[in-house]
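Written out below as structure tokens is the structure these notes cover.
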Amino acid sequence: MTLTRLQQSQASLNYTYFTEILPHVFLFQMMKFAWDNYKRYAWGENELRPLSRNGNDGRTFGGLRGASIVDSLDTLYIMGLGEEYQEAKEWVENNLNLNVGGEASLFEVNIRYVGGLLSAYYLTGEEVFKRKVVELGRNLLPAFNTPTGIPHGVVILAGDSRRSSGGDLGRSSVLAEFGTLHLEFVHLSELTNDSIYTEKVMNIRKHLNQLDKPRGLYPNALNPVSGNWEQHYVSIGALGDSFYEYLIKSYLMSDRTDEVAKRMYYAALEAIENNLVQRSPGGLIYVAEWRGGILDHRMGHLACFSGGMIGIGAEHGSPETRQHQLDLAANITHTCHESYRRTPTKLGPEVFRFDDGAEATAPRVNERHYILRPEVVESYMYMWRLTHDPKYREWGWEALEALERHCRLATGYSGIIDVYGHIIQHDNLQQSFFLAETLKYLYLLFSDDDLLPLKDWVFNTEAHPLPVIPRNCSQERGHRPNWTH
């Protein structure tokens with residue numbers, strides 16, 4: 001080997017070490033540290049409170065327990081934490097009780113528990129996950145017992161499937177909640193050979209298609225009894241976000257045959273571009289919120305998933321819009337990175353603004369918290385896979401370092417109350433989505449593209465990978481929905 005070739009080989013090894021091996025080592029250790037402390041102080045509870053060294057149950061899951069365990073199954077498996085994965089699997093088999101009597105969030109149970117169990121089953125083939133997710137899926141069906149079929153936001157998991165759920169008939173259903181069921185419910189039909197789950201979510205789509213939409217936009221609240229919009233507040237952040245994500249991902253998961261989802265997605269994206277996408281005085285592209293025709297020039301951390309969403313949708317639209325959409329995805333992801341870069345902690349606030357002189361910053365104290373959210377690093381991962389621009393890995397490494405510096409405690413990880421504060425105060429909660437999403441997306445960012453390749457897998461909004469359903473496979477099973485009407 002010549003000296004030049006030896007130097008090139010050494011440079012290649014150094015590049016691989018710093019861009020893949022070293023980040024993987026850090027993320028493996030971070031996941032194990034988060035898991036070990038959850039196990040030590042909060043085993044079987046939903047989440048860890050690292051400062052008080054106990055568990056957090058809350059009311060979100062209606063009495064279901066072990067959210068961090070179910071949410072972590074696929075991350076543990078993907079990272080090769082075999083012993084920890086076995087602990088999680090055994091807990092699910094022996095301790096996950098699905099017949100609980102409290103009011104559970106349909107949305108949260110679906111994305112965390114249903115998504116987590118489905119993903120674990122598809123990755124491992126372990127029958128226990130299939131048994132549990134089929135039972136849980138049946139328990140969710142009463143939420144749809146409304147005059148319109150638009151589900152309530154809450155459901156009593158131990159309720160009689162013939163009765164209504166625990167939902168208040170006067171309570172609005174939220175777009176991001178009833179619009180974020182499609183991926184999981186279609187897979188429930190695949191597993192059970194029972195079309196009822198697909199029929200439920202297809203009915204939601206049919207209803208939405210029949211409604212008038214102000215300027216082509218989808219408001220965030222719908223009355224499940226009348227079937228009408230409750231107000232004209234539009235956001236691709238909180239209350240709206242994952243509805244849009246599930247449109248393009250439904251198309252991809254259907255092996256690119258779900259033409260209705262495709263049409264709905266691109267029509268919604270066009271309306272968002274025409275009405276919400278803005279350029280700040282400093283040249284940053286952001287997605288504002290819309291309140292009855294008046295723009296609110298703010299963007300939530302939750303909306304930062306949209307860079308990745310627009311990116312993965314770019315190649316499937318019309319050829320003349322592809323580069324434009326990829327550029328839009330890159331610009332939004334850049335703006336979200338700026339919201340991180342402009343803080344002393346290098347972690348982004350819950351909400352950042354573009355009014356009264358603000359540029360991707362959070363002047364309001366109550367919007368400065370960071371709760372270990374994944375959306376920004378999620379877009380880094382997708383944009384890396386789509387472009388292989390090294391800046392996305394550089395930005396991911398910055399986020400990883402900031403998490404270690406400011407969110408790691410002796411007993412786990414915690415969100416922080418003020419990303420601009422020079423004295424760090426922690427919120428005492430290691431969110432289950434930190435293990436399910438934030439660490440997984442960072443791990444995938446620094447992995448080869450053939451680990452969960454995007455052509456074969458879609459990620460639900462909790463980052464649980466679900467396989468693309470081959471068109472021939474579904475046709476053979478005899479319950480393939482008609483995607484074209």
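Note that the numbering runs from 1 along the sequence shown for the chain.
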When you measure from the side chain of S173 to the backbone N and O of P151, does any donor-acceptor pair fall under 3.5 Å?
yes

Which atom names give the shortest non-hydrogen contact between A288 and D296, and what distance separates them?
CB-O, 3.5 Å

Taking atom NZ of K346 as the centre, does the number of heavy atoms from other residues, nucleotides or ligands within less than 6.0 Å exceed 12?
yes

Roughly how far, to the nearest 0.5 Å, is the CD1 atom of I312 from the NZ atom of K249?
5.5 Å

If you count the non-hydrogen atoms of other residues, nucleotides and ligands that lie under 6.0 Å from CZ in R291, is the total more than 12?
yes

Is it the case that S52 and N428 place a side-chain donor and acceptor less than 3.5 Å from each other?
yes

Rounded to the nearest 0.5 Å, the CD atom of E437 sits from the CD atom of Q431 at a distance of 10.0 Å

Does any N or O in the side chain of N46 come within less than 3.5 Å of the main-chain N or O of A67, such that one atom is a donor and the other an acceptor?
yes

In the structure I gave you, are the side-chain heavy atoms of K132 and V134 within less than 4.5 Å of one another anywhere?
no

With a 4.5 Å cut-off on side-chain heavy atoms, are I371 and F433 touching?
yes

Look at the aromatic rings of F185 and Y197 and report parallel, tilted or perpendicular, splitting at 30° and 60°.
perpendicular

Less than 4.5 Å apart, side chain to side chain, heavy atoms only: is that true for F459 and L466?
no

Nearest 0.5 Å, what's the OH-CG distance between Y113 and L96?
7.0 Å

Ignoring hydrogens and geometry, is there a side-chain-to-backbone donor-acceptor pair from Q231 to Y233 under 3.5 Å?
yes

Applying the side chain to side chain donor-acceptor pair (under 3.5 Å) criterion to R49, which one of N54, T411, N56 satisfies it?
N56

Check: T333 side chain, A329 main-chain N or O, donor-acceptor pair, under 3.5 Å:
yes

Looking at every heavy atom in both F446 and W397, which two are closest together, and how far apart are they?
CZ-N, 3.6 Å

Worked check of side-chain hydrogen bond (donor to acceptor under 3.5 Å, both in side chains) between E230 and S172
CA-CA 7 Å; E230 294 263 291; S172 296; 2.6 Å; yes

Could you tell me whether the side chain of D427 and the main chain of L429 form a donor-acceptor pair under 3.5 Å?
yes

Can we call the ring centroids of Y251 and Y265 under 6.0 Å apart?
no

So, the side chain of S306 versus the backbone of A303: is there a donor-acceptor pair under 3.5 Å, distance only?
yes

Is there a side-chain hydrogen bond (donor to acceptor under 3.5 Å, both in side chains) between E87 and W35 once you walk through the steps?
CA-CA 11 Å; E87 293 169 346; W35 177 263; 3.1 Å; yes

Determine the interplanar angle of the Y370 and H301 rings, folded into 0 to 90°, and report it as parallel if under 30°, tilted if 30 to 60°, perpendicular if over 60°.
tilted

Does atom NE2 of H422 have more than 12 heavy-atom neighbours, drawn from other residues, nucleotides or ligands, at distances under 6.0 Å?
no

Point-to-point distance, once rounded to the nearest 0.5 Å, from CD1 of I150 to NZ of K200:
11.5 Å

Look only at the side chain of E103 and the backbone of V155, and say whether a donor-acceptor pair between them is shorter than 3.5 Å.
no

Any side-chain to backbone donor/acceptor pair from N110 onto L106? Under 3.5 Å, distance only.
no

How close do E367 and P349 get, counting heavy atoms only, and between which atoms?
O-CB, 3.4 Å

Can you find a pair of side-chain heavy atoms, one from M299 and one from I332, that are under 4.5 Å apart?
yes

Checking the side chain of Q430 only, and the main-chain atoms of Y413 only, is there a donor and an acceptor separated by less than 3.5 Å?
yes

With a 3.5 Å cut-off and no angle check, do the side chains of S447 and H24 form a donor-acceptor pair?
yes

Does some side-chain heavy atom of F144 sit less than 4.5 Å from a side-chain heavy atom of L181?
yes

Is the terminal nitrogen or CZ of R408 (NZ for Lys, CZ for Arg) located under 6.0 angstrom from the six-membered ring centre of F33 and within 45° of that ring's axis?
yes

Got V468 and K455 here, is their nearest side-chain heavy-atom distance under 4.5 Å?
no

Name the residue from V377, L451, D449 that meets the side chain to side chain contact (heavy atoms under 4.5 Å, CB included) definition with L444.
L451

Please check if the side chain of T335 supplies one atom and the backbone of N331 the other of a donor-acceptor pair under 3.5 Å.
yes

Nearest non-hydrogen partners of P50 and S414, listed with the distance
CG-CB, 3.9 Å

Do you see a donor-acceptor pair shorter than 3.5 Å between the side chains of S432 and S68?
no

Are E135 and N99 close enough, and set up right, to give a side-chain hydrogen bond (donor to acceptor under 3.5 Å, both in side chains), and what steps lead you there?
CA-CA 9 Å; E135 179 184 352; N99 293 303; 3.3 Å; yes

Please check if any side-chain donor atom of E359 sits under 3.5 Å from a side-chain acceptor atom of S280, or the reverse.
yes

Do the side-chain N and O atoms of H464 and D71 include a donor-acceptor pair separated by under 3.5 angstrom?
yes

Would you indicate whether the side-chain heavy atoms of T461 and Y246 approach each other to under 4.5 Å?
yes

From OH (Y85) to OG (S72), nearest 0.5 Å:
13.0 Å

Flag the pair L123 / L452 as yes when at least one side-chain heavy-atom distance between them is below 4.5 Å, and no otherwise.
yes

Looking only at the side chains, is there a donor atom on one of E398 and H337 sitting less than 3.5 Å from an acceptor on the other?
yes

Do you know the tightest heavy-atom contact between V419 and G348?
CG1-O, 3.8 Å

Answer yes when D355 and R298 have at least one side-chain N-carboxylate O distance shorter than 4.0 Å, and no when they do not.
no

CG of L400 to CE of M30: how many Å apart, nearest 0.5 Å?
4.5 Å

Closest approach of Y340 and R373, non-hydrogen atoms and distance?
OH-O, 4.2 Å

